[in-house]
Amino acid sequence: MEALAGASGDALGSSPVHRLDPRAKCVVTVLFVVAVTSFGRYDVSRLMPFVLYPVAIATLSGVSAGSVAARTLAAAPFILLVGLFNPFFDRQVIVRIGGLAVTGGWMSFLSIAVRSFLAVSAAVLLVLTTRFDLLCAGLRKMCLPRVFVTQLEFLHRYIGLLAGEAQRMVRAHDLRSNGNRPKLALVVYAPMIGLLLLRALDRATRVHRAMKARLFDGEIRVLRPLAFSRSDFLFILAWGGYFLVCRFADVPGLLSGLAGVR
Amino acid sequence: MHMADALLSPAVGGAMWAVTAGLTAYSAKKLKEIPDDSRVPLMGVLGAFVFAAQMINFSIPATGSSGHLGGGMILAILLGPHAAFLTLASVLVVQALFFADGGLLALGCNIFNMAFFPCFIAYPFIYRKIAGRYATAKTISVAATVSAVIGLQLGAFSVVLETMASGISALPFNAFVLLMQPIHLAIGLVEGVVTAAVVLFVWQARPEVLAMAEENAPMRGFSMKKVLAGLAAAALVTGGALSWFASTYPDGLEWSMAKTSGSEELPAPEGGIHAALAGIQEKTAFLPDYGFRASEPEKSAGTEAETPKPETPAAWPNPDAGTSVSGLVGGAMTLVLAAAIGMFLRRTSAARR
Amino acid sequence: MSHHYLEVRDLRYAYPDGTEALKGVSFRLEHGEAVGLVGANGAGKSTMMLALTGLIFASGGTIDVGGTLLSKKTVGEVRRRIGFVFQDSEDQLFMPTVFDDVAFGPLNQGLSEPEVRERVTDALTRVGAERLADRPTYRLSGGEKRAVAIATVLAMLPDVLIMDEPGSGLDPYGRRLLIGLLRDFRHTRLIATHDLDMVLDVCPRTIVLHEGRIAADGDTRTVFSDAALLERCRLEQPSGMRK
Ligand SMILES: Nc1ncnc2c1ncn2[C@@H]1O[C@H](COP(=O)(O)OP(=O)(O)OP(=O)(O)O)[C@@H](O)[C@H]1O
Ligand SMILES: [Mg+2]
């Protein structure tokens with residue numbers, strides 16, 4: 001739950017990045033992810049210019065690089081698992097650095113690692129710099145079905161609460177088993193989950209009552225005016241342009257050419 | 001079985017986004033047809049329940065490892081397919097955003113793999129068929145178990161297809177399938193047993209909850225034909241996106257073309273599993289590594305750009321070691337530059353404060 | 001101005017499982033009156049409050065709120081007049097931010113944006129929580145949650161306030177603040193609580209509920225000095241009276 005506690009969308013900062021319209025940040029994030037993932041499987045160096053984006057956003061927003069990295073690494077296991085097969089199946093040597101022969105498999109593995117880091121860090125930065133309610137307001141304005149946005153908001157609201165209940169149940173069980181933490185046997189686990197579920201159902205009933213007591217009629221209404229300003233527009237334009245250039249021009253190649261490396 | 005951005009091509013990711021957006025809009029529309037304002041908090045809290053339940057691990061008998069609930073089938077059983085789909089989708093969105101599970105591009109795939117199959121296939125065609133009319137402890141257990149297993153098998157297979165179509169992983173199709181399906185058979189059995197146990201628990205404690213869920217989930221409009229038509233449409237969208245992508249941005253798929261044109265075959269270590277796998281592949285292959293050359297031209301006949309172009313000089317993979325090294329050096333330089341810009345930004349923004 | 005009354009006659013309710021929670025309850029709250037509702041666990045306090053706001057439909061009896069008889073048709077009107085503060089603020093605060101939550105009721109009343117903003121500001125100021133407006137609701141302390149929960153109801157300008165255990169989970173300081181707040185309100189108030197000292201401080205009149213029936217209804221000090229009654233209803237004399 002720490003992940004949620006740390007970044008639960010109450011990104012309360014007031015940096016220029018925080019103040020951008022959530023829609024602008026969403027658009028740029030998507031552009032970024034698409035640009036990064038659109039490279040060929042062996043591309044590593046061409047991905048490097050894209051590192052600028054998370055670095056710049058993290059710096060400008062004052063979000064600590066450590067928290068971005070920690071969150072980003074949380075995504076690593078599955079990717080590494082699948083990516084690690086590449087070196088075994090793709091053994092064509094494609095680069096020689098000095099005496100070292102690098103196979104396509106290792107290059108593509110490296111590429112997977114880099115693009116994973118980039119894509120995940122962009123999403124992480126989006127939530128770290130955007131209040132969740134405003135993000136949802138942006139999603140509503142961007143024509144997502146209202147039921148779905150409302151669902152996101154309710155889910156986000158009650159995750160912490162139910163997670164707390166779950167934790168307390170497990171702790172109570174642990175205490176009864178003399179301090180040593182046995183893994184839950186299925187016979188204990190299933191009723192525990194069942195109980196958690198019944199409590200969740202009761203909670204839903206009570207919340208529904210509280211809503212009806214305040215005249216809920218099936219429609220959730222919110223006042224969250226968003227103003228798309230010129231700086232939002234510029235933000236999209238600037239980063240979009242940068243991504244475009246880096247996607248279609250070989251910036252690292254040009255740089256190394258300038259530096260005279262052949 | 002979260003798909004990750006890093007293993008996806010934008011074409012596959014984008015196409016699955018489109019498919020998922022369609023399913024979301026469809027589900028939202030269906031819910032509007034049967035207004036029920038108690039559903040709003042119910043979906044929200046049950047989504048949170050799935051989250052919370054996933055934090056509790058139990059020991060899987062006789063293996064020494066531990067597992068947790070996925071929750072897809074439970075939601076489908078409690079909420080009906082449409083509400084459950086939206087709820088699961090919201091769970092996956094929050095996981096992608098806050099827990100870096102999957103990723104934004106992969107979100108479409110993940111929602112499709114983990115929400116579509118349990119809600120729109122396993123629930124209506126398996127669970128309801130078995131436990132729909134005569135709900136007894138036995139039918140509920142069997143129905144929950146079988147549907148959880150099948151939902152997960154389909155989802156896992158879908159992961160394989162998406163990965164293959166993206167072509168970032170070098171894992172051959174058959175190896176990937178042999179890896180994914182048995183693992184998910186095990187996971188599915190466990191999920192099935194837990195789902196059955198939890199549903200039974202609720203059924204005994206609060207029979208009305210399940211009865212109401214069934215009432216609210218009319219099965220009208222669920223025909224195999226429709227679902228198959230939907231899947232065909234999804235395949236068309238994906239295929240269309242892929243071929244468009246292939247013709248517009250050749251390098252994304254080029255490697256697979258290169259492979260199919262034989263310039264980059266597996267090094268085929270003598271004998272052993274690799275050779276065996278390669279053998280099987282040659283016979284059964286229908287996915288990008290091996291099949292695109294055959295299927296591509298007919299799919300987008302009429303445009304001439306999509307035929308695998310002979311290697312253009314700038315294209316990857318470029319085995320010319322010289323340029324690759326300079327590429328690496330350039331990459332390193334760019335990285336340093338990015339870091340320097342970051343440092344500069346930090347200075348200036350610190351100075352402003 | 002004496003129309004903000006609440007009159008309950010022979011109210012009965014049984015839960016679907018057969019539990020008779022209310023077995024014929026009658027009382028009348030006059031305009032501006034503050035009344036304590038006490039009773040042991042399971043006495044039927046929460047059930048009664050749900051019935052008063054039409055969140056469960058009584059199986060017998062009538063509820064009259066300032067001249068409007070509660071029925072399926074008038075339930076919206078009744079909920080407009082009765083503000084219900086729930087026992088668990090986590091249930092009451094379901095929106096992402098404090099502002100959204102306080103604005104929820106007024107927006108459902110169909111007010112215009114400026115009116116809603118004014119209502120929100122006023123209500124939050126009233127409970128001393130105006131600086132919390134942009135905070136996410138799940139990030140508040142227990143006391144802050146309670147204050148905001150009360151504000152969500154105040155923002156709808158109800159005539160009658162009913163509160164289920166408003167003091168639960170508050171520390172002594174938070175409890176004092178709450179008591180100050182409740183004393184200052186001019187609404188007709190019905191406050192269900194186990195905190196008899198709070199009743200003593202806030203409510204001149206007390207209703208004692210016991211097993212779904214009214215066991216006593218009258219001046220708070222008189223009721224609380226009847227040791228036999230308190231004993232029978234599993235209650236304890238407040239420390240404030242033992243001095
Ligand atoms: N959902 C329910 N289904 C069945 N019986 C219920 C339900 N809720 C409450 N009851 C029963 O109704 C009776 C009155 O309960 P109620 O919650 O109104 O008491 P209360 O006075 O609010 O108690 P407390 O002080 O513990 O909050 C109790 O006997 C209780 O067991
Ligand atoms: Mg109560």
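These figures come from a predicted structure and were not determined experimentally. Each chain gets a letter, A, B and so on, in the order its sequence line appears, and its residues count up from 1.
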*Considering only heavy atoms from C-beta outward, does the side chain of A:M169 approach that of A:R199 to under 4.5 Å?*
yes

When only pairs under 4.5 Å are counted, which of [options] shares the most heavy-atom pairs with chain A?
options	value
B:V50, B:L86, B:L46	B:L86
B:V40, B:L104, B:L42, B:V199	B:V40
B:G103, B:A28, B:S38	B:S38
B:L78, B:V198, B:I56	B:I56
B:L8, B:T87, B:L31	B:T87
B:A205, B:A197, B:G13, B:A89	B:A89

*In terms of the angle between their ring planes, are A:F132 and B:F98 parallel, tilted or perpendicular, with boundaries placed at 30° and 60°?*
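Taking B:F98 first and then A:F132, their aromatic rings sit tilted (interplane angle of 30° to 60°).
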
Nearest-0.5 Å distance that lies between atom [atom1] in [X] and atom [atom2] in [Y]:
X	Y	atom1	atom2	answer
A:F148	B:S90	CZ	OG	5.5 Å
B:I74	B:L88	CD1	CG	10.5 Å
B:M43	B:F85	CE	CZ	11.0 Å
A:L47	A:R247	CG	CZ	9.5 Å
A:L196	B:M55	CG	CE	10.0 Å

Heavy-atom contact with chain B under 4.5 Å, split by part of [X]:
X	result
A:Y189	side chain
A:M192	side chain
A:L135	side chain
A:T150	side chain
A:T29	side chain
A:V147	side chain

What residue in [options] has the most heavy-atom pairs under 4.5 Å with chain B?
options	value
A:V149, A:L152, A:V188, A:V55	A:L152
A:L155, A:L118, A:L144, A:L52	A:L155
A:L195, A:V30, A:L197, A:D217	A:L197
A:T205, A:V36, A:V33	A:V33

_Ignoring hydrogens, what is the shortest heavy-atom contact between A:C26 and A:L126? Give both atom names and the distance._
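Nearest heavy atoms, A:C26 then A:L126: N-CD1, 4.1 Å.
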
*Kindly give the heavy-atom pair with the smallest separation between A:I220 and A:R146, and that separation in Å.*
O-NH2, 3.4 Å

*Please answer whether the main-chain N or O of A:V127 pairs with a side-chain N or O of A:T130 as donor and acceptor at a distance below 3.5 Å.*
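Judged by distance alone, no pair lies under 3.5 Å.
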
